[in-house]
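Since the structure comes first, as C-alpha cells, the remarks are kept for the end.
Lettering follows sequence order; numbering is per chain, from 1. Please read all numbers here as calculations on a predicted model, not as lab measurements.
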Number of protein chains: 2
Amino acid sequence: MRAKDENKAIVIREKAMEMIVSQGFDGLSMHKLAKAAGISVSTIYIYFKNREDLLNQLYAEATGIFVQTMLDGFSADMTFEQGLWQQWRNRYHHILRHPLHHRFWEQFRNSPLIEKQNDPCEQRFKQTMRDFVANAEEKKEIVKLPPEIFWAIAYGTFYTLVKFHLDNSTMAGLPFTLSDELLKLTFDRVMQALRL
Amino acid sequence: MRAKDENKAIVIREKAMEMIVSQGFDGLSMHKLAKAAGISVSTIYIYFKNREDLLNQLYAEATGIFVQTMLDGFSADMTFEQGLWQQWRNRYHHILRHPLHHRFWEQFRNSPLIEKQNDPCEQRFKQTMRDFVANAEEKKEIVKLPPEIFWAIAYGTFYTLVKFHLDNSTMAGLPFTLSDELLKLTFDRVMQALRL
DNA sequence: AACGCTTAAAAGAACAATCATTCTTTTATC
DNA sequence: GATAAAAGAATGATTGTTCTTTTAAGCGTT
C-alpha cells in the first residue's frame, strides 16, 4: 500500500482556483493544471473523479469558508444597525483575507453554466438572514420592503463598492482603494435609505 | 465579382451573442457557430478576421446601443432626481428590450480575460455622467461623496435588482419579477440615501 | 535490518473529440 | 470569363479522460 498525499489535493485545488480567477472558467484545463501543480495529468484523477467534481469541490470549499466567516460575531436578534454593520465588516475582512476565494465565488455565481446548487449549509445561512430582517421590521427599525429591494440596497451597494476596490478602478478610470472609513461612510448612507 | 451578403454578418453576430449568453464565453466555438448560423466555418472568416475580432465587434455593437439608449431624454443640467430617474428608466427599458445585449455586456465586464478597452464613445458618456453629478453636488441637491460610493449606491442597487429580475430568483430562491412600481419604490429609497 | 510481496500512487503515452485557422475546390454573380 | 464568396476538407494544437507501465510505501517473514 501507498498512502495518498493530501498535500497534492491541496496544491491541485489551489492552482485550479488561481487559473480560473486569472484566466476565466475555460482557462482551467487538466493538462495545464497538471503542469502548474508539477504533477502528471492522471494523478489529478486519483484525487478528483473528473473536472466537474473538481469544480464542485472548489465551490463547496469557498462556500464553507464564506458562510463560516459571515456568521462570526453575528446573531439574528442584534440591533439592525449593529447586525448589518457586522455583516459588512465580516464580508469586507473575508474578501481582504481571501481575495482568491471571493473572485472565484463571483465568477461561479455569474457563470450561466453552473446551476445554482443549494447546499444545506447555505440554506441555513439564508434562513438566519431572513430572520434577522424580519426581526428588524417588526421592531420598526427599518421600512418593510420586498426582500429583493432590501437586498439590492443593503448588499448590492456593498458588493459594487468591493468590485471597484478589487478592480482598483472605477467609472472614472482612476485608482480606488477601499478603507474602513469609506466603508463606514457608505454604510451610514445605506442605513439612511433603509430606516423608517 | 460577387457581393458580400451583409445578412450573413448579422446572423453570425446574433448567433454568437446567443451562444455566449447561454453557454458562457468558451461556449462560442467557430465550428458550433457555423453550424448554428447554417454556414461553413470558413465563411465566418470572410466577415471577421478571427475570433477575437468577432468578440470585439460584438462588444462595440452592444456598447454603441447602450450608450445611445442611456442618453435618451437626458441632459447633464437636469434636476438630480429627474436625471437619475431618467437614467434608471432608460437602463430598465434597455434591458427589457435587449436582454441578450445586457447579459452579454455583463458577461464581458465580469470576464478576467478582457482588458477594459475605453472607446471614445464610452468616454464621452462617462464625462456626461460626471458633469451631472458635479452639478447636483454644487446645487446642494445631494451629499458630496467619493464617486465610487455614489456610483455604488445609485447604480449598484439598480443592477443588483435587475440581476434578480433576469435570474428570476433571489436569495430566498423564490421567483421575482421587477415592475415599474418596484423600481420607483427602490429609487425613492436610494434618493433618501443620497440627499443632503 | 534486509528481503520480497502486495497494492495503489504516480507517471506518461495514447485516445478520440474539438478547437481556431487555413488550403483547396466549387459556385454564384457581375 | 473574371473574381470573390462560399463550402468543405485538412492542419496542428489542445481538450477531457483512460490505458499501460513504473515506482514507492507498507507489512510480514527471515
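With B/Trp88 as the aromatic partner, B/Lys184 does not meet the cation-pi criteria of under 6.0 angstrom to the ring centre and within 45 degrees of the ring axis. Annotation: cation-pi geometry satisfied between A/Arg109 and A/Trp105 (NZ/CZ under 6.0 angstrom from ring centroid, within 45° of ring axis). The cationic group of B/Lys8 does not satisfy the cation-pi geometry with B/Tyr47, failing either the under 6.0 Å distance to the six-membered ring centre or the 45° limit from the ring axis.
Proximity of B/Lys8 to the phosphate of D/dA5: no side-chain N or O atom is located under 4.0 Å from OP1 or OP2.
Between B/Asn50 atom CG and D/dA13 atom P the separation is 18 Å, expressed in whole Å. As a whole-Å value, the separation of A/Lys35 NZ from C/dA13 P is 12 Å. We find that CG of A/Asp5 is positioned 11 Å from C1' of C/dA10, with the value rounded to whole Å. Atom-to-atom, CD of B/Glu6 to C1' of D/dA5 comes out at 13 Å; the value is rounded to the nearest Å. Atom CG of A/Leu28 is separated from atom P of C/dC19 by 17 Å (rounded to the nearest Å). One can place CZ of A/Phe48 at 13 Å from P of D/dT17, the figure rounded to the nearest angstrom. Regarding B/Asp26, its CG atom lies at a distance of 10 Å from the P atom of C/dC19, rounded to whole Å. To the nearest angstrom, C1' of C/dT18 lies 14 Å from CD of B/Gln23.
Across all strands, B/Tyr47 comes closer than 4.0 Å only to sugar-phosphate atoms, never to a base (heavy-atom distances). B/Ile44 comes within contact range of no nucleotide atom at all, as no heavy-atom separation falls under 4.0 Å.
A/Gln107 and A/Arg103 share no side-chain donor-acceptor pair at under 3.5 Å. Remark: the B/Arg124 side chain and the B/Gln127 side chain contain no N/O donor-acceptor pair separated by less than 3.5 Å. Donor-acceptor pairing under 3.5 Å is lacking for the side chains of A/Asp72 and A/Gln68.
The B/Lys4 side chain lies nearest to D/dA5 when the options are C/dA11, D/dA5, D/dA6. For B/Arg51, taking side-chain heavy atoms from C-beta onward, the closest of the listed nucleotides D/dA7, C/dA20, C/dG12 is C/dA20. Distances from the side chain of A/Thr43 to the nucleotides C/dT27, D/dA7, C/dA10 place C/dA10 closest. Of the listed nucleotides (C/dA20, D/dA6, D/dT17), D/dA6 has the atom at the smallest distance from the side chain of B/Arg2. Distance from the side chain of B/Met30 is smallest for C/dA20 among the nucleotides D/dT15, C/dT22, C/dA20. Of the listed nucleotides (C/dC19, D/dA7, C/dA10), C/dC19 has the atom at the smallest distance from the side chain of B/Lys32. With C/dC19, D/dA7, C/dT21 as the choices, the nucleotide that has an atom nearest any side-chain atom of B/Ser29 turns out to be C/dC19. Checking C/dC19, C/dA28, D/dT15 against every side-chain atom of B/His31, the shortest atom distance belongs to C/dC19. Of the listed nucleotides (C/dC19, C/dA9, D/dT17), C/dA9 has the atom at the smallest distance from the side chain of A/Ile46.
No hydrogens or angles were tested; on distance alone, nothing pairs the side chain of A/Ser42 with the base of C/dA10 as donor and acceptor under 3.5 Å. At a cut-off of 3.5 angstrom, counting only N and O atoms as typed in the model, there is no donor on one side facing an acceptor on the other between the side-chain of B/Ser40 and the base of D/dA6.
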